[in-house]
Student: 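Mind looking over this structure? Questions follow.
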Amino acid sequence: QVQLVESGGGLVQAGGSLRLSCAASGGTLSRSAMGWFRQAPGKEREFVAAISWRGAVSFYADSVKGRFTISRDNAKNSVYLQMNSLKPEDSAKYYCAAKDGDFYYTGRDEYDYWGQGTQVTVSS
């Protein structure tokens, strides 16, 4: 059973940057597509970014395209989300997710494993 643990969240001013990390234990991510989702209070969990298991293909929500970058290091069993030019509307709890598969996936229900999330708060 793969367990995912996110880290790197925090409080940052608008325009600032954060780098989220997701580390896996109990299994390898090298054959898993990975995704980042976020959920703000009172809203549904939404897709942010996804990456294929080899890291060759990535996909982003329009709201973060050009500002966020997803990457992975299979040797470290980790995936990352670099977030630049942060906006107050990016404030949410960010979740890492994994799915057995070699492409990328944007649907919340497509993922098999989820972390507990890390809070990102962007002040104006």
Side-chain angles (χ1 to χ4, degrees):
Q1 179 88 8
V2 173
Q3 293 184 327
L4 304 174
V5 178
E6 302 94 336
S7 61
L11 174 63
V12 63
Q13 287 188 333
S17 298
L18 282 174
R19 187 187 192 220
L20 304 184
S21 299
C22 173
S25 61
T28 178
L29 295 181
S30 61
R31 289 280 181 173
S32 298
M34 300 297 298
W36 285 97
F37 290 75
R38 65 188 182 187
Q39 187 168 17
K43 295 187 176 181
E44 291 192 351
R45 193 172 298 188
E46 64 175 6
F47 168 77
V48 175
I51 190 166
S52 60
W53 70 270
R54 291 181 179 177
V57 181
S58 57
F59 189 79
Y60 298 90
D62 287 343
S63 58
V64 306
K65 200 174 295 182
R67 300 188 297 123
F68 290 12
T69 303
I70 187 170
S71 61
R72 65 190 298 161
D73 186 337
N74 287 342
K76 294 183 178 180
N77 236 13
S78 295
V79 65
Y80 309 97
L81 186 68
Q82 177 66 44
M83 305 186 296
N84 298 328
S85 302
L86 282 161
K87 305 175 182 180
E89 50 264 43
D90 293 319
S91 296
K93 197 165 189 179
Y94 283 70
Y95 296 88
C96 171
K99 172 182 171 53
D100 293 335
D102 60 1
F103 197 52
Y104 67 82
Y105 304 89
T106 62
R108 184 178 56 200
D109 295 337
E110 295 181 282
Y111 284 84
D112 303 310
Y113 306 102
W114 291 85
Q116 294 300 306
T118 184
Q119 181 67 38
V120 171
T121 303
V122 184
S123 61
S124 57

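Start at 1 with the first residue, then count along the sequence.
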Student: What are the two closest non-hydrogen atoms of Ile70 and Trp36, and how far apart are they?
Tutor: CD1-CD1, 3.6 Å
Student: Linking Ile, Leu, Val, Met, Phe, Trp and Tyr through side-chain heavy atoms less than 4.5 Å apart, which residues share a cluster with Tyr95?
Tutor: Phe37, Phe47, Val57, Phe59, Phe103, Tyr104, Tyr105, Tyr111, Trp114
Student: Would you please name every residue forming a side-chain hydrogen bond (donor to acceptor under 3.5 Å, both in side chains) with Asn84, sequence neighbours left out?
Tutor: Ser17, Gln82
Student: Sequence neighbours left out, what pairs pass ring pair (Phe, Tyr, Trp, His ring centres under 6.0 Å) with at least one residue falling in residues 71-91?
Tutor: none
Student: Sorted by first residue and then second, give each salt bridge (Lys or Arg N to Asp or Glu O under 4.0 Å) pair with at least one member in residues 67-77; sequence neighbours left out.
Tutor: Arg67-Asp90
Student: Identify, with sequence neighbours excluded, every residue that meets side-chain hydrogen bond (donor to acceptor under 3.5 Å, both in side chains) alongside Gln39.
Tutor: Arg45
Student: Please enumerate all residues that pass side-chain hydrogen bond (donor to acceptor under 3.5 Å, both in side chains) together with Ser58, with sequence neighbours excluded.
Tutor: none
Student: Going only through I, L, V, M, F, W and Y residues with side-chain contacts under 4.5 Å, is there a path from Val64 to Val12?
Tutor: yes
Student: Between Asn74 and Trp53, is there a donor-acceptor pair closer than 3.5 Å when you use the side chain of the first and the backbone of the second?
Tutor: yes
Student: Side chain to side chain contact (heavy atoms under 4.5 Å, CB included) for Leu20 and Ser7? Distances and angles first, verdict last.
Tutor: CA-CA 6 Å; Leu20 304 184; Ser7 61; over 6 Å; no
Student: Output a table of donor-acceptor pairs, distance under 3.5 Å, between side-chain atoms of residues 117-124 and any protein atom two or more places apart or on a different chain; print 'none' if there are none.
Tutor:
residue: Thr118; atom: OG1; partner: Gly9; partner atom: N; Å: 3.2
residue: Gln119; atom: NE2; partner: Ala92; partner atom: O; Å: 3.4

Student: Could you check if a side-chain atom of Ser71 sits within less than 4.5 angstrom of a side-chain atom of Val79, using non-hydrogen atoms only?
Tutor: no
Student: List the residues meeting side-chain hydrogen bond (donor to acceptor under 3.5 Å, both in side chains) with Arg31, not counting sequence neighbours, and say none if there are none.
Tutor: none
Student: Do any pairs count as a ring pair (Phe, Tyr, Trp, His ring centres under 6.0 Å) and have a residue in residues 10-32, sequence neighbours left out, and if so which ones?
Tutor: none
Student: Looking only at atom types and distance, does a side-chain atom of Glu6 sit under 3.5 Å from a main-chain N or O of Ser21, one as donor and one as acceptor?
Tutor: no
Student: Can you list the residues that meet the side chain to side chain contact (heavy atoms under 4.5 Å, CB included) rule with Ala98, with sequence neighbours excluded?
Tutor: Leu4, Leu29, Ser32, Met34, Tyr113
Student: My understanding is that only residues two or more places apart in sequence, or in another chain, count here; which of them pass salt bridge (charged side-chain N to carboxylate O under 4.0 Å, His left out) with Glu46?
Tutor: Arg38
Student: Under the salt bridge (charged side-chain N to carboxylate O under 4.0 Å, His left out) test, which residues partner Lys65, sequence neighbours left out?
Tutor: Asp62
